[in-house]
Structures are given as C-alpha cells and as structure tokens.
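Chain identifiers are assigned alphabetically (A, B, ...) following the order of the sequence lines, protein sequences preceding nucleic acid strands; residue numbering begins at 1 within each chain. Here the structure is a predicted model, which is why all the values come from computation and not from measurement.
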Amino acid sequence: MRSHLPTVATSSPTNLGIAMNSMPPATNGKFRYRFAPSPTGFFHVGGARTALYNWALALKQDATFVLRIEDTDEARNKPEWTAGIIDALAWIGIGTGDPHFEGPYFQSQNSEEHVAAAHRLYEAGHAYYCDLTSEQIQERAKVNGKPGYDGFSRDRGLGPGPGHVLRFRVPEGVTVVDDLVRGRVEFDNGTIEDFVLLRGNGTPMFLLANVVDDILMSITHVVRAEEHLPNTPKQQLIWSALGYAPPVWAHVPVLVNEQRKKLSKRRDKVALEQYRDEGVIAPAMINYLMTLGWAPAGDAEIVPWEKIVNEFRLEDVNHSPAFFDEKKLASFNGDYLRMLTTEQFVTACSPWVTNDSVPWSRGDFDARIFSAIAPLVQTRVGYLSEVPSMVDFLFLDQPLIDADALAKAMKPEWASQLLRDVVGVFAACDWQHDVLKTELEKIGESHGVKLGKAQAPVRVAVTGRSVGPPLFESLELLGRDKTLARLKAILD
RNA sequence: GGCCCCAUCGUCUAGUGGCCUAGGACACCACCCUCUCAAGGUGGCGGCACGGGUUCGAAUCCCGUUGGGGCUGCCA
C-alpha cells in the first residue's frame, strides 16, 4: 500500500483560551466546508457521499474543503486507518493536490485548544463541574422517573478535580437551528441536558472539540449526516457561549439498508474499498452516490461530474433517507464501463486479471489475447470482478467444466455425433471466426438443428460454461490445437 | 418513554397551486435484434400513506392520524 503519512499542518491561528474575538479568523471571503470523519478501519459509503457533497460545493463556489481526522478516541487512531481515508477520498477524486483541498488536520493535535476553551467556558459560568459517576446518574434518573442527567451539580460550586467532569450549563429558552436542507428547526432547551465537555480525566469530548476545531479552522459551512441534527443545538450553544456566530448548517439524510435502517458496518456492506475491490470504477461510484438524495436537471442521471458540480445545491437535497441499492450501482457501473474505450477498459481490468486470485497460472496469461477478447466482455460485465471467470478458458490448460451445463448440452441424441463432425471439419478448415461459424452452421443443419442449439455442446466443451463471450471469436483466439483437444476430451 | 426529522411507482428520483391522463432511472415482464449470455431498441407493469381543511383548482399550502427513521454515552 502506498504510504500517505499524514502531513501535519496544525498550527492554530488563534488560541481560544486567551484571545476570544467575536469574529472567526479571516477567510478571504471564501466559504470553508469541512469533512470530519473518525477513523474506523474502513471508509463508509455514507461518509463518501457526505464528502462528495462538500467537495462539489467547494469546487462550485471556489471554496475550501478541509479534511479533519477526528481521532480523539484512543481506540480510533491507527495511522493506517487515516491512510485508508485519504486513499479512499483520492479514489473518488477528492484531494490529490487540488488547491481547494486543505488538510488533513488531526483533532487530537488540538486538544490543548479544546481544554482551554472548556476552561474559558467554566470561568464565564457557561460550564460547571460534577462529580457524579455514571451509576449515580442512573440512580437519580430512576428516582426522578426520567432518563438522563438532572443537573444535580449545577449550583454545587465544585471545582476541577479527579473524576470531575465539566458540563455545559444549558440556558433556558429555545435554540433555533437554521438548516439549509431542513429549514428552521426549533429545540426547547429544557429538553437538552447539561452535556459533558471534559471527561473526568480532563480530555475533551466530541461536541466541544468539534466546535472548537471548526472555529479554529474558520469553517463557514457544516454539511454532515442527519444523525448529527440532535447535536446541533448543543453545538450552536457552544458557538454562542464562546462568542461566535454559528456556521451555516446542512444535515443531509442518512443512507439506509433494505430494512430502512441506517447503514451499519455490522450488518451491511458499507466499505467503499469493498466496492472498489469488486470492480466498481470511481466515476460510477461518484455519480451514483451524488444521485442518492439529489438529482441533476433533466431526465438523465448518468451525467458528467462537471454538470453535477455546476448544478448541485443543498437546498435541493431530499429530506428522506435513501436506500443504497447495489443493483442500481451495478447498472451505473456497467454504463460507465461501456463508456470506456477498449484501451481504457483493458487498463481498468488489469488488476483483476493479473492478481493472485486469478484461476490460471500467472505465466499463462497473454495480454494480447486479453486485449483481443476485451471488447466482447466489456458489454457483459457489471463489476470488473466478473471478468476473470469470463475469460479464464483462454488461459487455462483445461477449462473449468460446469458439470450441469455439460450434461445439459450433451443431452440431445445428436450432440456426440455433432461434436465428432466438428472435430473432423475444424481439423482442416481456415481458423477464422466467420469460417468456423459457417462450418458449424452447416454441421448443425446436417443434424437438423440451428446454430443456436448446435453451438451449445461446443461452447461447454471448450469454455466449460453455457454462457460467455461470442463463441467463434473465442475459438479463434484459443487456437485450433486447444480447441480440438478439448472437444476430443469430452468425446472420450 | 422523551426530543427531532421524514412521507410521489418495489427502489432512487422529477414535480415548488393549473403545463400531471404524475415524467425519468434501476429492477421486473414481453417483443425485436441475435451463435449463448449480454449490450442495444420498442412496449408494458407499477406511485402521490390516510382523513380533514384552504382554494375556482392541490402530489404541491395548513392541521390531524398512521407509518418510517435519527438521537437519547465520561463514542465520534
């Protein structure tokens, strides 16, 4: 794997603990979007869509796309996972030296800023310490008859100490979130509990770290999945308490499985890498992901990236969850595969026909023969991973015979004799696909069967399967010797 | 349970009060093409969740019902 050791660029322009201005750092008037994944070992297709939405907007508005890795949870900071994210983003066209791309930054490197901001919040009275354990909170919740933290330590005047968490003092009132895709959403602050800013060990929590980083990085637009909507009033409260106007929010619908549940790594196939490894090509994935929850103008949905960038607007994003449909993805991929020139298609196939899991021995692969058959397989695959099984008979010493297909093809009483006739004729005729076709046609006629039926036993005997690329072109490429040997092998 | 979001063919969507007899795409079915299978072409099946309003007129606006979903951690 390529090494993408994150280049760190984390010198914060502002120290929130000391200088707290009411204006964020200068942005030269440009919008700043951000994508802030937490490393989990693979790249989620939902994350890919969110990243793509942010990226399209950054390109359209000549804005900046900031990548920030949210690695503050110790369990989530394996360096190779970060490399995986960067690789995956590059695959879908994000990054790779484009001037609109900035980062990656690492949240863990800003922890001092997060803590400083927390302390400022405490000093300003926006936060207070609490020494209750999770168990005690649960106890109280049981007694209270309602779940969650009840604000027990609000006025106890506790200071910092071992095991003391810092909680945000949620004010009375209503918090209004203006969301570009959802409109105005109101939250009664009475339903928001005093959430934790700093853990008992003094480390910052996501809600805080996320906001402080966004301020530090002058983020103007937060475009993320809908699951974050309930966090938004809390974060907006932190923005205000810190003295800043909140960013523009946009919460896009989640991606769901067939059961209409949020795509999860436990039950669903969600890794972008997995689709890539099965032979989905990037333009197809990008186009499919962009049209999940949004549609370009006009009747076509297979459209160039330029058109997408040109037309994409958050205001037009759908409000309801979208089912990630593998069948439709495969269809998009097939369309994109067919748009490739033969040369491009051959190049795209290369990893699948030269890797270790290929059924033939590596030395027997012939790139020239593959190039010759390629245009015929191009219209027959949805995923590139289907390619090897479609051409394996050309590079295998003996074809992998599908027993059922063979039994069926040899069932007609004329089948064996037809094969014998074929061996006789093919031993001497010109070895060109059109000649082979004509000859088989004639032999078929002599047995009273049309070419469609006559080709079946030949196809199975030579390629091992009942379906595949056009037979006579295949035979021409395979050569006379191997063809005859395989036919005879079946007759014996 | 509480808070919040959502609701057009099976699925992804177009539709922003009259162009809607609701358009496209995937899937499915049929036919054409054809050496198998595809690809391609043609056609078909199939939807505004329900009930009230508002309006001359509602898929589009309002209310309610029902049904989905998200969140509810000293994870992010």
*Asks:* Contact class for A:Leu197 vs. all strands (heavy atom < 4.0 Å): base, sugar-phosphate, or nothing?
*Replies:*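 Nothing, no nucleic acid heavy atom in range.
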*Asks:* In Watson-Crick or G-U wobble terms, both distances under 3.5 Å, what is the partner of B:C31?
*Replies:*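 Paired with B:C31, as far as the under-3.5 Å criterion goes, is B:G41.
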*Asks:* Enumerate donor-acceptor pairs with a distance under 3.5 Å from any side-chain N or O in residues 296-306 of chain A to protein atoms, sequence neighbours excluded.
*Replies:*
from	atom 1	to	atom 2	distance (Å)
A:Glu301	OE2	A:Lys328	NZ	3.0

*Asks:* Atom CG of A:Asn201 and atom C1' of B:C75: how far apart are they, to the nearest Å?
*Replies:*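 Taking CG of A:Asn201 and C1' of B:C75, I get 13 Å after rounding.
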*Asks:* I need the CG-C1' distance between A:Leu255 and B:U13, as an integer number of Å.
*Replies:*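 My rounded result for the distance is 14 Å.
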*Asks:* Over 60° means perpendicular and under 30° means parallel, so tell me whether A:Phe312 and A:Trp294 are parallel, tilted or perpendicular.
*Replies:*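 Taking A:Trp294 first and then A:Phe312, their aromatic rings stand perpendicular (interplane angle over 60°).
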*Asks:* Both distances under 3.5 Å, Watson-Crick or G-U wobble: report the partner of B:U16, or none.
*Replies:*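 Per the H-bond distance test, none.
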*Asks:* Is it the case that over 12 heavy atoms from other parts of the model lie below 6.0 angstrom from the CD atom of A:Gln432?
*Replies:*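 Count over threshold, so yes.
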*Asks:* Please give, in whole Å, the distance from B:G73 C1' to A:Leu198 CG?
*Replies:*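 Between C1' of B:G73 and CG of A:Leu198: 16 Å.
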*Asks:* Give me the distance, rounded to whole Å, that separates B:A25 from B:A39 when you measure between the P atoms they each carry.
*Replies:*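 Nearest-Å result for B:A25 against B:A39 at atom P: 15 Å.
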*Asks:* Under 4.0 angstrom, heavy atoms only, what part of the nucleic acid is A:Arg167 near: base, sugar-phosphate, or nothing?
*Replies:*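 Contact class for A:Arg167: sugar-phosphate only.
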*Asks:* What nucleic acid atoms does A:Gly293 come within less than 4.0 Å of, heavy atoms only: base, sugar-phosphate, or nothing?
*Replies:*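 Sugar-phosphate contact only - A:Gly293 comes under 4.0 Å of backbone atoms but never of a base.
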*Asks:* Between C1' on B:C3 and NZ on A:Lys146, what's the gap in Å once rounded to a whole number?
*Replies:*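 Taking atom C1' of B:C3 as the reference, NZ of A:Lys146 is at 13 Å.
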*Asks:* Using a cut-off of 6.0 Å, state whether more than 12 heavy atoms not belonging to A:Gln344 lie near its atom CD.
*Replies:*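 Buried by this count: over 12 neighbours within 6.0 Å.
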*Asks:* Just say parallel, tilted or perpendicular for the rings of A:Phe206 and A:His228, cut-offs at 30° and 60°.
*Replies:*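 Tilted: the ring planes of A:Phe206 and A:His228 meet at 30° to 60°.
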*Asks:* Given that both distances must come in under 3.5 Å, which nucleotide forms a Watson-Crick or G-U wobble pair with B:C26?
*Replies:*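 For B:C26, the partner nucleotide comes out as B:G10, under the 3.5 Å rule.
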*Asks:* Take atom C1' in B:G18 and the same atom in B:C26, then report the distance between them in whole Å.
*Replies:*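 These two C1' atoms come out 32 Å apart once rounded.
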*Asks:* Could you work out the separation of B:G47 and B:U11 based on their P atoms and round it to a whole Å?
*Replies:*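 So the two P atoms sit 12 Å from each other.
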*Asks:* Which whole-number value in Å describes the distance from A:Arg68 CZ to B:A76 P?
*Replies:*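 Distance, rounded to whole Å: 13 Å.
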*Asks:* P atom, B:C4 versus B:C45: distance in rounded Å?
*Replies:*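 After rounding to an integer number of Å, I get 44 Å for this pair.
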*Asks:* Would you indicate whether the side-chain heavy atoms of A:Thr232 and A:Arg224 approach each other to under 4.5 Å?
*Replies:*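 Yes - at least one pair of side-chain heavy atoms lies under 4.5 Å apart.
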*Asks:* Determine whether A:Met410 and A:Leu419 make a side-chain contact, defined as any pair of heavy atoms from C-beta on separated by less than 4.5 Å.
*Replies:*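 Counting from C-beta outward, A:Met410 and A:Leu419 do come under 4.5 Å.
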*Asks:* Would you please classify the geometry between the A:Phe35 ring and the A:Phe43 ring as parallel, tilted or perpendicular, with 30° and 60° separating the classes?
*Replies:*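 A:Phe43 vs A:Phe35 ring planes: perpendicular.
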*Asks:* If we take the P atom in both B:G10 and B:C3, what is their distance in whole Å?
*Replies:*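 That atom pair is separated by 33 Å.
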*Asks:* Mind listing the N/O atom pairs, protein and nucleotides 68-72 of chain B, below 3.5 Å?
*Replies:*
from	atom 1	to	atom 2	distance (Å)
B:G69	OP1	A:Lys261	NZ	2.6
B:G70	OP1	A:Lys262	N	3.1
B:C71	OP1	A:Lys262	NZ	2.5

*Asks:* Heavy-atom nearest nucleotide on RNA chain B for A:Val165 versus A:Arg49: which residue maps closer to 5'?
*Replies:*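 It is A:Arg49 whose nearest nucleotide is closer to the 5' end.
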*Asks:* Output the rounded distance in Å from CZ (A:Arg224) to P (B:C5).
*Replies:*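 That distance rounds to 16 Å.
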*Asks:* With rounding to the closest Å, how many angstrom separate the P atoms on B:C48 and B:A7?
*Replies:*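 Looking at atom P only, B:C48 and B:A7 are 16 Å apart.
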*Asks:* Let's go through A:Thr50 and A:Leu52 carefully: what are the C-alpha distance in whole Å and the side-chain angles of both, what is the deciding distance for side-chain contact (heavy atoms from CB on, under 4.5 Å) to 0.1 Å, and is it a yes or a no?
*Replies:* CA-CA 5 Å; A:Thr50 303; A:Leu52 245 13; over 6 Å; no
*Asks:* Does A:Ala322 reach a base, just sugar-phosphate, or nothing at all? Heavy atoms under 4.0 Å.
*Replies:*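 It contacts sugar-phosphate atoms only.
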*Asks:* Looking only at atom P, what distance separates B:A22 and B:U16, rounded to whole Å?
*Replies:*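 Each nucleotide's P atom is 16 Å from the other's.
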*Asks:* For B:C50, which nucleotide in any strand shown is its Watson-Crick or wobble partner with both distances under 3.5 Å?
*Replies:*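 Answer to the pairing question: B:G64, which forms a Watson-Crick or G-U pair with B:C50.
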*Asks:* NA contact type, A:Phe187, heavy-atom cut-off 4.0 Å: base, sugar-phosphate, or nothing?
*Replies:*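 It contacts sugar-phosphate atoms only.
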*Asks:* Checking all strands, does A:Glu258 fall into the base, sugar-phosphate, or nothing category for heavy-atom contacts under 4.0 angstrom?
*Replies:*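 No contact.
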*Asks:* Looking at B:U13, B:A76, B:C4, which one has an atom nearest to any side-chain atom of A:Ser38?
*Replies:*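 Given the options B:U13, B:A76, B:C4, the side chain of A:Ser38 is closest to B:A76.
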*Asks:* Among the nucleotides B:C4, B:A7, B:C75, which one has an atom lying closest to any side-chain atom of A:His319?
*Replies:*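 Taking heavy atoms from C-beta onward, the closest nucleotide is B:A7.
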*Asks:* Counting only Watson-Crick pairs (N1-N3 plus N6-O4 or O6-N4) and G-U wobbles (N1-O2, O6-N3), all under 3.5 Å, who is the partner of B:C3?
*Replies:*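 Across all strands, the one nucleotide that pairs with B:C3 is B:G70.
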*Asks:* Taking the C1' atom of each, how far is B:U60 from B:G53, in whole Å?
*Replies:*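 Each nucleotide's C1' atom is 15 Å from the other's.
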*Asks:* Against A:Asp194, only a single residue in A:Arg154, A:Arg167, A:Arg169, A:Lys234 fulfils side-chain hydrogen bond (donor to acceptor under 3.5 Å, both in side chains); can you say which?
*Replies:*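 That would be A:Arg154.
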*Asks:* Would you say NZ of A:Lys327 has more than 12 non-hydrogen atoms from neighbouring residues, nucleotides or ligands within 6.0 angstrom?
*Replies:*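 Not buried by this count: 12 neighbours or fewer within 6.0 Å.
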*Asks:* Anything under 30° is parallel, anything over 60° is perpendicular, the rest tilted; go ahead and classify A:Phe370 against A:Phe395.
*Replies:*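 Because their plane-to-plane angle lies in the 30° to 60° range, the rings of A:Phe370 and A:Phe395 count as tilted.
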*Asks:* What does the B/S/- profile of nucleotides 22-41 of chain B look like, 5' to 3', with a 4.0 Å heavy-atom cutoff to protein?
*Replies:* -SBBSS-------BBBBSS-
